Protein chains: 2
Amino acid sequence: MLTDAPPNGARSGQPAAGARRATITNVAEALGVSKGTVSRALNGYPDISDRTRQRVRQAAERMGYLPSAQAKAIRTGRVGAIGLVLQVGEPDAQRPFLADFLAGLTTAASAENCSLTIATAQDDSETRAALSRLIAERKADGFILPRTRLVDPRIDLLRAAGVPFVLFGRTGDPTGCAWFDLLGEDAMDEAVRRLHALGHRRIGYLGGGVGLAYNALRLAGYRRALASLGLPQAPALETHGGTTMETGAAGAARLMAQPDPPTALVCATDMGALGAHRWACEAGLTIGRDLSLIGYDGVPEGEWVAPPLTTFEVDNRAAGARLAALLLRRIRGEPAEALRETARARLCPRGSDGPPALDPTALARRLEFTAQGHHDTKGGRP
Amino acid sequence: MLTDAPPNGARSGQPAAGARRATITNVAEALGVSKGTVSRALNGYPDISDRTRQRVRQAAERMGYLPSAQAKAIRTGRVGAIGLVLQVGEPDAQRPFLADFLAGLTTAASAENCSLTIATAQDDSETRAALSRLIAERKADGFILPRTRLVDPRIDLLRAAGVPFVLFGRTGDPTGCAWFDLLGEDAMDEAVRRLHALGHRRIGYLGGGVGLAYNALRLAGYRRALASLGLPQAPALETHGGTTMETGAAGAARLMAQPDPPTALVCATDMGALGAHRWACEAGLTIGRDLSLIGYDGVPEGEWVAPPLTTFEVDNRAAGARLAALLLRRIRGEPAEALRETARARLCPRGSDGPPALDPTALARRLEFTAQGHHDTKGGRP
DNA sequence: CCTCTTGCCGAAACCGGTTTCGGTGCGAAC
DNA sequence: GTTCGCACCGAAACCGGTTTCGGCAAGAGG
C-alpha cells in the first residue's frame, strides 16, 4: 500500500523514508546559514555575496527544494494563482474552445510561476458565490472573467473587493477594467461587406446572447456596415438570442417569415448559424444560393455540415495567453486602463455563402410554396 | 483607479477602507477570546461550550470571516485543492468532454471545500514536470490522472512522491492505485453482440491510442465477444491508432482492403469511427447497409454526420464527480484498494449500423469496382 | 474540608516562508 | 590609531492559521 499520509511523520529528526519535501530550514541547516540568507539568496536580494548565492542555489537544486506556495502566500499576500469561474450548464457554454483556452491561460501563467485555480457554477448567483469564496479563502490573486455582460455583477463584486481582474470581452461601464477582446464588430462588418460584394442587398442579423457584451458590439458592427454601404436597416432584419441550434433555427424562421426576407444572414455565433443552417435545409433552401450564412466562432461542427459554414475563426489559445499576461501585470499593480488589448478574428471562407440565386420576393414565394406542403424532407423523392 | 494592491496597508489599526479580509485575530479580538478558541470553535472541537461556539460562529458570519486556505495549509499540510494536468496538443485530446468533466470535478470537490488547480502540458515530459512542480510547491493535495497508459510514468512519479492520486482509467500495474473507469470492454462486447444480432459475421476492430489502457481493455472486450459468439478472430480484422479522423480513415482503408473485409467495424473512439465514416462515404459505401459502424465516446460530431453515428455515450460529468469524491477519500487516508469504481457507458443507437446488405466477398468486389475509377464523388452525377 | 475529575479556555509553540533590524568584520580615510 | 562606511549575514518578528499544554473553576466523591 502507499504510505498513507504521514500526518506528523516519523518523530525522528531525519525525514528519511517519509519522502517529505525539503523546507527552507533544511537547506539552511545543510549549509550552516540562516533561513533569511537562503530566502534572500534565492529571491535575488542584492545584499548576498555571489559566493553564498551560488552555494545556496546549488544546495536548493540538489535537495529538490522549491518554496511552498502557501507559506510564501501567507507573508506576501500572493498565492501565485489566477482564478477562473466557468459558468457551465449555459446553452452556449464554451465547449470546444475550453481546452485551447485553458492551455493558453496555463502556459502563459506558468511562465511566471503561476497556476490556475478554477471553479464552476450553474448560474449567476452561483458564480458570484464561487468568486466570493475563492477571494475569501485567498485561492487566487486575480480573476479572468469570461463572457462579459453589458452590466455585469461580477465586476461590481471584484471592484468592491479590490481584487484585480481582466475581462474577456468588454462591458458597459469600463471604469477600472482591464480587458482582452476580439473585435467582433469588425468581423460582422467584414461579413456584411463580403455579402454585399457577392450581390446581397437585404442582409439580416441573427444575434447572440441577450445582455452579453459581444452581442451588442457585433450588432453595432453589422449596422455600421449596412449604413456605410447604404443598405436597408430594419428591426425586422434583426433577431437575438440565437446561441443554440434550437434558438438559431427559431430566429432564422422568424426572420425569413416576411414578404421580403433577407437573402443572407450574418450570425453572431456559429451555433446559431448552424441552427439556421438546419432550418434552411428543412425548409428546402439551398444554402449558399437561396440563403447565405456567415457565422462566428469557428466551432468544429461548422466543418461537418454541408455545405460547410463560412465563419470567423478565433484563436482561443492566444486569447487565453494574452488574458493571463494582462492579469499578471494587473496583479503587479499596473493601472487597468493601460491593460486593454484587442485582436481580430480571421475570416474562414467555406461553402455557406455565395451569390444570391433569388431576390427577396422570389425567396418569400419559394418559402411559402414549400410551407404549403410541397416539402421534400427526409422521405426520399417519391 | 482601483485601489492598487496595498502591500502593507494603511498603518492605522482600523483596516476601514482597505477592504482587507477579516483574519482570525480580528474575530478573536472582537469577541475578547483567544485565536485558539476561535479556531477550535469553528472546526468543531469538542472542548468548546455551545454558547461560545454560537458566539464565534455568529461573529465570523457577521464579519465575513473565512480562514485563509494558505495559512491553514501551512500547518495542516492540506491545501484544499485537487490537481489535474491536462495533456493538450494530443490528437485525441478531451475536447468536448472537458467542460462537463471539469464541472463534475469542481462541484464534487467544492462540496467538501476543495478547489481545483489545473496545469497543461504538451507532451509526457512536460506533464511530469508540471506534476513535480505542483507537488513541490504544494499546490494540490492529490491528483487526478486522466488517460491512463498501460505503463504510466506519472503513476511512478506520484507513488515515489507519496502523493495521493486517482486514475481515470485502469493501468498495467494497479498496485496502490485507486481508480474510476468506464467498462469499455463491456461496451465493445455489447457492440459486437448487437452487430451479430443484426446478421454480421465478420466484424473488425478499429482500435484507439496505442499504449493507452482503454484500448487494451476495449480490444479484450471485442475479442471476448467474438470468442463467445464463435465468430472468426484474426489479426487482419484488427487495427490500432485510430484516434483522429485521418488515422481512423487510414485504419478503415487498411481493414477493408482484403479479399473478405469485415461488414462492420467496432470502433474504440468516435473520432476514429468518424474517419472511417468519411472514408466509407468517399469509397461509395452506404453506411448502415454496406458497412456498419459503432463508435464510443458520444462526441457531438457523431450526430452531425449522415447517417448519425451509433455510439456509446459517456457521462463525463458524473465521471468527474466520482473521481473527485474518490480522491478526497484517498487524501483522507483510505486505502487505494478500497477506492476502485467502474461504470457503464450507455448505448446510443443511431443510424450507422444495420443489417449487412452484402457478404464480405461481394463487399470486396464492390470496393474494387469503385477503386478502379467508377467513383461517384462530390462531382455530382454526370 | 480536601482531592480528583471534568469542562472550558488562554498562552504559546509551531508550520514555512519573508522581511526588518541590527551587528560583525574589513578596508579606506583622516 | 581611531572612525567611518560598506558588504554581508544572523536573529527575530511576522503572516494567519492549528494544535499542544497547562491552568482555572466548578462539581463530584470521600
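Only heavy atoms go into these numbers, but all of them, side chains included; no hydrogens, no water, no symmetry mates. All chains are named by letter (A, B, ...) in the order of the sequence lines, taking the proteins before the strands, and each is independently numbered beginning at 1. From a predicted model like this one, the values you see are computed outputs, not experimental measurements.
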A:Tyr65 side chain near C:dG17 phosphate (N/O to OP1/OP2, under 4.0 Å): yes
Short side-chain to backbone donor-acceptor contact, B:Arg149 and B:Arg154, under 3.5 Å: no
Distance in Å, A:Asp152 CG paired with A:Phe165 CZ, rounded so as to fall on 0.5 Å steps: 9.0 Å
Terminal axes of the helix from C:dC1-D:dG30 to C:dC30-D:dG1 (five pairs each): angle between them, nearest 10 degrees: 70°
Residue among A:Thr37, A:Asn43, A:Leu42 satisfying side chain to side chain contact (heavy atoms under 4.5 Å, CB included) with A:Ser39: A:Asn43
B:Ile48 CD1 to B:Arg55 CZ distance, which is reported to the nearest 0.5 Å: 11.0 Å
Side-chain (A:Thr148) to main-chain (A:Arg170) donor-acceptor, under 3.5 angstrom: yes
Whole angstrom value for the distance that separates C1' of D:dC15 from CZ of B:Arg75: 15 Å
Residue-phosphate contact under 4.0 Å: B:Lys72 side-chain N/O, D:dT18 OP1/OP2: yes
Phosphate OP1/OP2 of C:dC15 contacted by A:Thr23 side-chain N/O (<4.0 Å): no
Under 3.5 Å: donor-acceptor pair, side chain of B:Arg53, backbone of B:Tyr45: yes
Residue B:Thr37, side-chain heavy atoms: nucleotide from D:dG17, D:dC15, C:dG10 that is nearest: C:dG10
Under-3.5 Å donor-acceptor pair between B:Arg40 side chain and D:dT20 base: yes
Integer-rounded Å distance: D:dC21 P and B:Asp47 CG: 14 Å
Closest to the B:Ala71 side chain, choosing from C:dG16, C:dG17, D:dG17: D:dG17
Value in whole Å for how far the P atom of D:dC15 lies from CZ of A:Arg78: 18 Å
Nearest-Å distance for atom pair CD/P, residues A:Glu29 and D:dG10: 13 Å
Side-chain N or O of B:Ser68 closer than 4.0 Å to phosphate OP1/OP2 of D:dG16: no
d(CG, B:Asn43; P, C:dC9) in whole Å: 15 Å
Between P of D:dG17 and CZ of B:Arg138, the distance in whole Å: 20 Å
Distance below 4.0 Å between B:Tyr45 side-chain N/O and C:dC8 OP1 or OP2: no
Interatomic distance where CZ belongs to B:Arg53 and C1' belongs to C:dG7 [whole Å]: 13 Å
Touch class at under 4.0 angstrom, heavy-atom based, for A:Val38 against every strand present: nothing
OP1 or OP2 of C:dC9 under 4.0 Å from side-chain N/O of B:Thr52: yes
Polar side-chain atom of A:Arg21 near backbone of A:Gly64 as donor-acceptor pair, under 3.5 Å: yes
Most 5' of A:Gly36 and B:Pro46 on DNA chain C, judged by nearest nucleotide: B:Pro46
Atom-to-atom span, CZ of A:Arg21 to P of C:dG16 - whole angstrom: 13 Å
N or O in side chain of B:Ser34 less than 4.0 angstrom from C:dA11 OP1/OP2: no
Aromatic ring pairing A:Phe180/A:Phe168, orientation class (parallel under 30°, perpendicular over 60°, tilted between): tilted
Residue closer to the 5' end of DNA chain D, A:Lys35 versus B:Pro67 (nearest nucleotide): A:Lys35
side-chain N/O B:Ser49 vs C:dC9 OP1/OP2, d < 4.0 Å: yes
